[in-house]
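Below is one structure, written out as structure tokens; the observations come after it.
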Amino acid sequence: MLDGLNPQQREAVIHHGGPLLIVAGAGSGKTRVLTHRIAYLLAERDARPSEILAITFTNKAAREMKERVDKLVGPRSAAMWVMTFHSACVRILRREAKRLGFPSGFSIYDQADSQRLMAMVCREMDLDPKRYPPRSFSAQVSNLKNELIDYESAADRAGSHLEKTLAEAYRAYQRRLTEAGAMDFDDLIMLTVNLFQAFPEVAEHYRRRFRHVMVDEYQDTNHAQYTLVRELVGHTAVKTADGDVVREGDDRSELCVVGDADQSIYAFRGATIRNIMEFERDYPDARTIMLEQNYRSTQNILSAANAVISRNESRKPKNLWSDQGAGPKIVGYVADNEHDEAMFVAQEVDKLADDEGVTPGQVAVFYRTNAASRVFEEIFIRTGLPYKVVGGVRFYERKEVRDLLAYLRVLANPGDVVSLRRIINVPKRGIGDRAEAMVEAFATRERISFWEGLLRAEEAPGLATRSLNAIKEFTALLTELQEKAEGVPPAALAEDVLVSTGYRAELENSEDPQDESRLENLDELIAVAAEFEEADPEGTLVQFLEQVSLVADADQIPGGGAGVVPPGERAPESTSGGVVTLMTLHTAKGLEFPVVFLTGLEDGVFPHSRSLGEPKELEEERRLAYVGITRAQQRLYVTRAAVRSSWGAPSFNPASRFLAEVPRDLIDWRTDPEKSAWSAATTRREPAARSRDTGGRPVASYAPGDRVTHDKFGLGTVVSVDGMAEKAKVKVDFGASGEKILMAAYAPMEKL
DNA sequence: TGATTAGGCTTTTTT
DNA sequence: AGCCTAATCA
């Protein structure tokens, strides 16, 4: 069990007793350590599988860990809890929901749902959406919850008018959630903590059960998750005034956390690097073990990564090393524009295939923002390079998918107003805004739920007969479906919903070609439900809904080079060549690929323009760069474009400062210096000198007589210009397409 | 009164 | 891509 582990890894596996922090540099074999530690606990320390709780952040990581533990210990692994923070909390909350005043089948609201609910609340409070944007309120409430601040404390500490309004909205929002029998993502963590604190016997139960608690990616924990872990392992050793370490009883569980402060990239959603930096202060008898040998990358790649990350201040020094040799140099390329950049990537993948036998499946392309994937897709389609975009416009965010899920959620929980109001008039059945408002007013006055209001719509004043009839038909339909929902498994129920509501018929009869793919998506969702039933024939509708709402994960990573696949386990895709993987840097975390293209290395793109003014955020961007670089096993490419058209307006971005932080001799620049004047010009420019004054992206300026090219209208000539900078409106004569007035900042148009 | 359409706005990263 | 609003249609 200890074979093939280096001394530090071995030590981490057999460590016994006090809290353990494993500082695991990128590619240092941390999953290997965690899985072996679990196996060791079972084999040598007499731990029972049910006493083990291993927490990860993504479903993907959980699944992978589970599989690898399964290989080591066999079917016993089934009794262990290896899951995400959110899944673990849901599992606890389902059992204890009654104590908190929620039904055990409570709905789970994702970000879009909670934004919708917040919008309803703001409208109710008569807030001007311009001055008090619901999205922002929703985000701020999320932040408060991550800090375990409830609406009362928020109200107490509110100073400004804005903060008071926010606290009020928070309160109303939370009331609506409770009435709907729903929890948002942040509630899952916060309410579990509340549960443990309000009911010590519940906390005690789980504390007794989980003798071993392991937390992966500890640097990504937020305050709520941090507190949850503390509650779970039991109050731990405290340092007294004279510096003695006193233990509070012997019943605390063994805690083992793994993380790397340099890979913390989720501060924007409340993660605090503090939790890992101060682990030793939080747990005074803690032990720290550093894993610095990297088994993934060549030394050139690691040297680049080390050089970049070393620029971050207040960082504990760490030095990754590899015994795999220097490897090829990093290849740099300065493209004329984003199309040229994508073309370079496509050609290079072809060349690698010819010269080195590299398959597309071994290649990944990373970018900073989801929107950047479009150009790569266009070029890859044109050149016939097979690819797959991971993340981006997600399946579960598609309108039709959300509609069908909303129906199912209403059937599982009629109190779920957000879902109910989403589908009340989908497909169109003659229940308009006015009718909806009437029912709502009626329900509020009668202190009944919106659903009950619909059932008693006859009593609601001011409803037109036509609307009333539509409502009656709707409630009859839902009631009928509800009765079926008891006995019918999810897939069949979903199909039933599509047919009986006319949703399927509407799409089938539609002329719009897009509706065909909508149908496909719906069938896909039904297929997911069928898979769910196959995996667990006893599975309920509530369980199915829970699974899909917690899998907001960018899951479908193609085989080939992706993931930490144990040797000898190479996925079969490698024979067929697999496909190139496209994803954001954030979703790339935890993965590795033989060949990595790191694109868009421009100040304003990566690092993102929003981070340039904030040293803290800039450090996070740098960690993101570190994560990106360390994904590469054999070959790393860094590319940038001299001109990039974002929102139509071309911007001339200087080279990313991160490029300058890589030692010169590690990069082999492939750009032909004669090729483009722009490339040369922007190379020498001082980084970030400009982005400050324009407050972000510069907008091209137009003058009458300028020749332009527009994505849709083609070539044209500027007739006149009205307004300045980002507010400029340009009148352009496109010949055959006529004259158009366009916003300079947004039109997909370039100056020639 | 509800349906339909056009236009504006949005994009940093995500469980 | 989808949501929101306003304006117009039926």
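The chains referred to below are lettered A, B, ... by the order of the sequence lines, with proteins before strands, and numbering in each begins at 1.
At least one test fails for R610(A) against the ring of F268(A): distance under 6.0 Å to the centre or angle within 45° of the axis. Under a cutoff of 6.0 Å and an axis angle of 45°, R631(A) and F366(A) do not form a cation-pi pair.
Salt bridge R421(A)/E440(A): present, at least one basic N to carboxylate O contact under 4.0 Å.
When heavy atoms are screened at a 4.0 angstrom cut-off, S467(A) is found touching the sugar-phosphate backbone but no base atom. Backbone-only engagement by R434(A) is indicated by non-hydrogen atom pairs under 4.0 Å involving sugar-phosphate atoms exclusively. Heavy atoms of R518(A) sit under 4.0 angstrom from primed sugar atoms or phosphate atoms, though from no base atom. Contact annotation for D220(A): no contact, since no heavy-atom pair falls under 4.0 Å across all strands. At a threshold of 4.0 angstrom between heavy atoms, the contacts of Y266(A) are confined to the sugar-phosphate backbone, with no base atom among them. R402(A) comes within contact range of no nucleotide atom at all, as no heavy-atom separation falls under 4.0 Å.
Rounded to whole Å, atom P of dT4(B) lies 13 Å from atom CG of D433(A). Atom CG of D128(A) is separated from atom P of dC4(C) by 16 Å (rounded to the nearest Å). Atom NZ in K145(A) sits about 21 Å away from atom P in dT14(B), given to the nearest Å. Atom CG in L585(A) sits roughly 16 Å away from atom C1' in dT11(B) (whole-Å rounding). Straight-line distance from the NZ atom of K399(A) to the C1' atom of dG2(C): 9 Å, rounded to whole Å. Taking atom CD of Q111(A) as the reference point, atom P of dG2(C) lies 16 Å away to the nearest angstrom. Counting to the nearest Å, the P atom of dT14(B) and the NE2 atom of H86(A) are 15 Å from each other. Here dT12(B) presents its C1' atom at 15 Å from CD of E614(A), a figure rounded to the nearest Å.
In the set dA3(B), dC3(C), dG2(C), dG2(C) carries the atom at the smallest distance from any side-chain atom of E400(A). Of all nucleotides listed (dC3(C), dT12(B), dT15(B)), dC3(C) comes nearest to the side chain of R422(A). Nearest nucleotide to the side chain of K428(A), out of dT12(B), dA3(B), dC3(C): dA3(B). Listed candidates were dT15(B), dA3(B), dT10(B). Nearest to the side chain of R135(A) is dT10(B).
Judged by distance alone, with hydrogens and angles left aside, R368(A) brings a side-chain donor or acceptor within reach of the base of dT13(B), the pair sitting under 3.5 Å.
Under the stacking definition used here (centres under 5.5 Å, planes under 30°), the residue F268(A) qualifies as stacked on the base of dT13(B). By the stacking rule of 5.5 Å between ring centres and under 30° between planes, H608(A) stacks on the base of dT12(B).
In this structure, T584(A) does not reach the dT12(B) phosphate: none of its side-chain N or O atoms is under 4.0 Å from OP1 or OP2. Contact annotation: N370(A) side-chain N/O to dT13(B) OP1/OP2 distance is under 4.0 Å. For N425(A) and dA3(B), the shortest distance from a side-chain N or O to OP1 or OP2 is below 4.0 Å.
Where M438(A) and F85(A) each meet DNA chain B at their nearest nucleotide, the meeting point lying more 5' is that of M438(A).
Taking the six-membered ring where the residue is Trp, Y266(A) and H586(A) present tilted rings, their angle falling between 30° and 60°.
Of the inter-residue distances, the one linking I108(A) atom CD1 with R94(A) atom CZ reads 5.0 Å to the nearest 0.5 angstrom.
Scanning all heavy atoms of the two residues, the minimum distance from K589(A) to Q263(A) falls at NZ-O, 3.0 Å.
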